[in-house]
Amino acid sequence: MDTNEKPANFIFAAVAEDLKTGRFNYVRTRLPPEPNGYLHIGHVKAFLIDYLTAREFGGELILRFDDTNPTKEETEFVDAIEDDARWLGIQWVKVTFASDYFDRLYEWAIRLVKKGLAYVDDQSPEEMSASRGTLPRGTKWSETEAAIKPGVASPYRDRSVEENLDLLERMKNGEFPEGSRVLRAKIDMSHPNLVMRDPVMYRILRVPHHRTGTKWCIYPTYDWSHGQNDSMEGITHSLCSQEYIIHRPLYEWFLRQLGEFPSRQIEFSRLNLTYAMMSKRKLRKLVETGVVSGWDDPRLTTLRGLRRRGVTPEAIQSFIAAVGETNNDSWVDMGLFDSFVRDDLNQRSPRRMAVLHPLKLVIDNYPDGQVEEMDAVNNPEDASAGTRKVPFSKVVYIEQDDFRETPPPKYHRLYPGNEIRLRYAYLVKCTGFSRDPGTGAVTEVHCTYDPATRGGDAPDGRKVKSTIHWVSAEHAVQAEVRLYAQLFTVENPDVGDDISASLNPNSLETLTGCFVEPSLADAKPGDKVQFERTGYFCADLDSAPGKPVFNRTVTLKDTWAKIEQKQG
RNA sequence: UGGGGCGUGGUGCAACGGCAGCACAUCAGCCUUUGGAGCUGAGUAUCUUGGUUCGAAUCCAGGCGCCCCAGCCA
């Protein structure tokens, strides 16, 4: 970092200070996902902080999977997380696993036992919980106790070092049933911070591990693994979310007692995003019950979902940078995220014409059978994107919404007698329409064109108030378009038990009779385009040559919708 | 009657003892071959009380409010 520059956030400032004071003379961070689910937008903030902090100071990042609980973790997620993180643009120097250090960690535990700082406890989970003490009344955890009560010491707390060593060895060797004993740190049962009341270090779990198989039947807890792994890897700054603040005294206690490399934990507040589900448990439920099509359903704010929807890593990075790092409790509006997605896509997306809700427009005075190739700009934001040819003919499709039999106030599009522009083609004037005698629906609109306005400009300089997009009927490629809306109707879908009550029943609208211009016929999955006047779209995995499928990434801002809404 | 964290427009983030600023959102206008983009302008904020100071969002003291913590989860 440029020393004259003000640090971008309080973490950079803290790291810079550590370098300056000599607390550390290099920077190494770690990225510690637990392989028990797919990455979502909530993880991204932490990922980027870990990565960018290392990069800022010329340091390195280690991707370390926190796999200390074999009952929840799977290899499937290891691969997926690596893939997602790489897609996001994060770079690491190596991949490690908490389980790589199980042997060494066990040795460290023995050291603590020998120092009289850890003991084997035979109490049941219920007994341990009951003896931990209580929080005062008024907290959500306690309805009955008036005041905080100190914990009471386990009857096994003062076992001899020899006995503890023996018992720990036998725990490791599988001599005891699951859940029957634990190794606890011997700290202070009346500590005001509950985390310090003799926390559990090892528990017996007779579950095979995705990497170590059946070698172990005792597994370390987070508290007894994370900080130690940090230290073993020479991590200087262990950046984590605020919920771990109260664990910091323990993090430091272990390393101090061990006399090992003193990694520093720094916390920041996690990202809360409105309308985004971050709970892994609930996400999993949505997937398993088929509410969404999978972990990559475009309505999900999983990385895979966002990617499939058409969001780019750059947009996500900009968004996270804009959100900033603090310790405030905050809720970021999904609208802010959308604005970054639009901004990114506006710069990079080629423009195309696509009609989602087709209505036939017949240009009565256009010669039958004539076809003209119109020049269309690919991206007004990027001259280097060039132009393309779009075929035009007597019958074109326009959006149903671009024609009104009787226009509301301020409506400038097509209605009887009004002249508008067909983008890149001609000025046309509406002469009439026909309707289905049965339903009364408008089936076809008629107009005449002014041959002198080829390209869209009138030689006499007359102006029109509206330009609409179109697709030549004869050349149109049929496409499926999936319109996504917010999956939830509530801002915080993570609270509450009944997910179904907060689901938006209209979060997906599938349109099968859409028409897109010929250049989109062979769109490849992942291709991003702007459908003019409609929104940003991304070709879906389900696309086949000649049969494209598009996901709407995000709509364009729609001023007309606002006007219309105000009119009621 | 525990411990910890946090309070700046509607939302998020700046300002680190010296004119409270930026983005998103909102409103008004300009421009426009996307009612997109862009441009211009407007409104709205320092939780509260007291203190220190020429001067406080910033420092000090008290109060208030919100969030987190009693897994052998991470």
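Letters A, B, ... mirror the listed sequences (proteins, then strands); counts begin at 1.
- Aromatic rings from A:Y244 and A:Y251 are positioned such that their centres are separated by 6.0 Å or more.
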Show the distances under 3.5 angstrom between N or O atoms of the protein and N or O atoms of nucleotides 37-44 of chain B.
{"from": "B:A37", "atom 1": "OP1", "to": "A:K557", "atom 2": "NZ", "distance (Å)": "3.4"}
{"from": "B:A37", "atom 1": "O2'", "to": "A:N346", "atom 2": "ND2", "distance (Å)": "3.4"}
{"from": "B:A37", "atom 1": "O2'", "to": "A:E381", "atom 2": "OE1", "distance (Å)": "3.4"}
{"from": "B:A37", "atom 1": "O2'", "to": "A:E381", "atom 2": "OE2", "distance (Å)": "2.8"}

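- Residue A:V323 is in sugar-phosphate contact alone, with no base atom involved, counting any heavy-atom pair closer than 4.0 Å across all strands shown.
- Remark: A:K172 is positioned above the aromatic ring of A:Y106, its terminal NZ or CZ atom under 6.0 angstrom from the ring centre and at most 45 degrees off the axis.
- Heavy atoms of other residues, nucleotides or ligands lying less than 6.0 angstrom from CD of A:Q565 number 12 at most.
- Within 4.0 Å of A:H412, counting heavy atoms only, lies at least one base atom of the nucleic acid.
- Under 4.0 angstrom from either OP1 or OP2 of B:C13 there lies at least one side-chain N or O belonging to A:N328.
- Using a 4.0 Å heavy-atom criterion, one finds that A:Y411 contacts the bases of the nucleic acid, with or without backbone contacts as well.
- Set against B:A23, B:C72, B:U34, the side chain of A:L336 has B:A23 as its closest nucleotide.
- Across the P atoms, B:U26 and B:G63 are found 42 Å apart, a figure rounded to whole Å.
- Phosphate proximity of B:A74 to A:S225: absent, as no side-chain N or O sits under 4.0 Å from OP1 or OP2.
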Scoring nucleotides 15-22 of chain B by protein non-hydrogen atoms under 4.0 Å (B base, S sugar-phosphate only, - none) yields SS------
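- No contact: A:L422 has no heavy atom under 4.0 Å from any strand.
- Taking the side chain of A:D333 as heavy atoms from C-beta on, and the options B:U11, B:A74, B:C73, the nearest nucleotide is B:U11.
- For A:F77 and A:Y38, the ring centers sit closer than 6.0 Å to each other.
- At a cut-off of 3.5 Å, with distance as the only test, no side-chain donor of A:H357 or A:D401 sits close to an acceptor on the other residue.
- Heavy atoms of A:E564 sit nowhere under 4.0 angstrom from any nucleic acid atom.
- Between the OG atom in A:S241 and the CD atom in A:E267 there is a gap of 9.0 Å [rounded to 0.5 Å].
- Contacts of A:E178 with the nucleic acid, taken as non-hydrogen atoms under 4.0 Å apart, are absent.
- Within the nucleic acid shown, A:Y424 comes within 4.0 Å of at least one base atom, counting heavy atoms only.
- At a threshold of 4.0 Å, the pair A:D375-A:K389 counts as salt-bridged, since one of the basic side-chain nitrogens sits closer than that to a carboxylate oxygen.
- Of all nucleotides listed (B:C13, B:C72, B:G35), B:C72 comes nearest to the side chain of A:P125.
- If you take atom P in B:C67 and the same atom in B:A14, they sit 22 Å apart, rounded to whole Å.
- At a threshold of 4.5 Å between non-hydrogen side-chain atoms, the residues A:E532 and A:Y424 count as touching.
- The shortest distance between the side-chain N/O atoms of A:T274 and the OP1/OP2 oxygens of B:U11 is not below 4.0 Å.
- For a distance-only test at 3.5 Å, the side chain of A:R203 fails to qualify as a donor-acceptor partner of the base of B:G71.
- Nucleotide B:A23 forms a Watson-Crick or G-U wobble pair with B:U11, both donor-acceptor distances falling under 3.5 Å.
- Atom CG of A:D402 and atom P of B:G36 are 14 Å apart (whole Å).
- Taking atom CG on A:D329 and atom C1' on B:U8, their separation rounds to 15 Å, with Å as the unit.
- Distance from the side chain of A:T467 is smallest to B:U34 among B:A74, B:U34, B:G4.
- You'll find that the side chain of A:D558 is closest to B:G35, out of B:U34, B:G35, B:C13.
- Classification of B:G43 as anti follows from a glycosidic angle more than 90° from 0.
- Within the nucleic acid shown, A:D457 comes within 4.0 Å of at least one base atom, counting heavy atoms only.
- A 3.5 Å limit on both hydrogen-bonding distances identifies B:G5 as the Watson-Crick or G-U partner of B:C66.
- Each of A:P380 and A:I204 was matched to the nucleotide of RNA chain B holding its nearest heavy atom; the match closer to the 5' end belongs to A:P380.
- Whole-Å rounding puts the A:W331 CH2 to B:G12 P distance at 11 Å.
- Nucleic acid contact class of A:R413 (heavy atoms, under 4.0 Å, all strands): base.
- The CZ atom of A:F12 sits 13 Å away from the P atom of B:A14 (whole-angstrom rounding).
- Looking at heavy atoms from C-beta onward, A:K528 lies out of side-chain contact with A:Y536 at the 4.5 angstrom threshold.
- Rounded to a whole Å, the CD1 atom of A:I266 is 17 Å from the C1' atom of B:G4.
- For A:L556, the listed nucleotide lying nearest its side chain is B:U34; candidates were B:G35, B:U34, B:C72.
- Among the atoms of the strands shown, none is found under 4.0 Å from any heavy atom of A:Y219.
- When distances are taken from the side chain of A:S330 to each of B:C13, B:A23, B:G3, the shortest belongs to B:C13.
- Ring centroids of A:F102 and A:H209 are separated by less than 6.0 Å, placing the two rings close together.
- The aromatic rings of A:F550 and A:F531 sit perpendicular to each other, their planes meeting at more than 60°, with 30° as the lower class boundary.
- In this structure, A:R132 does not reach the B:G2 phosphate: none of its side-chain N or O atoms is under 4.0 Å from OP1 or OP2.
- At a threshold of 4.0 Å, the pair A:D121-A:R157 does not count as salt-bridged, since none of the basic side-chain nitrogens sits closer than that to a carboxylate oxygen.
- In this entry the distance linking CZ of A:F340 with P of B:C13 reads 13 Å, nearest Å.
- The aromatic ring of A:H226 does not stack onto the base of B:A74, failing the criterion of a centre distance under 5.5 Å from the six-membered base ring together with planes under 30° apart.
- Rounded to the nearest Å, the gap between the C1' atom of B:G17 and that of B:C22 is 22 Å.
- Nucleotides B:A28 and B:U46, compared at atom P, are 26 Å apart to the nearest Å.
- Around NZ of A:K282, the count of heavy atoms belonging to other residues, nucleotides or ligands within 6.0 Å exceeds 12.
- Across all strands shown, A:E532 has heavy atoms under 4.0 Å from base atoms, whether or not it also approaches the sugar-phosphate.
- In terms of position on RNA chain B, the residue among A:T326 and A:K566 whose nearest nucleotide sits closer to the 5' end is A:T326.
- A straight line from CD1 of A:I398 to P of B:G35 spans 13 Å, rounded to a whole angstrom.
- If you measure from atom CG of A:L273 to atom P of B:C13, you get 13 Å, rounded to the nearest angstrom.
- Checking the phosphate oxygens (OP1, OP2) of B:A23, no side-chain nitrogen or oxygen of A:S339 falls inside 4.0 Å.
- Between A:K562 and the phosphate of B:U26, there is a side-chain N or O to OP1/OP2 separation shorter than 4.0 Å.
- Ion pair A:E233/A:R64 flagged as a salt bridge, since at least one NZ, NE, NH1 or NH2 atom sits closer than 4.0 Å to an Asp/Glu carboxylate oxygen.
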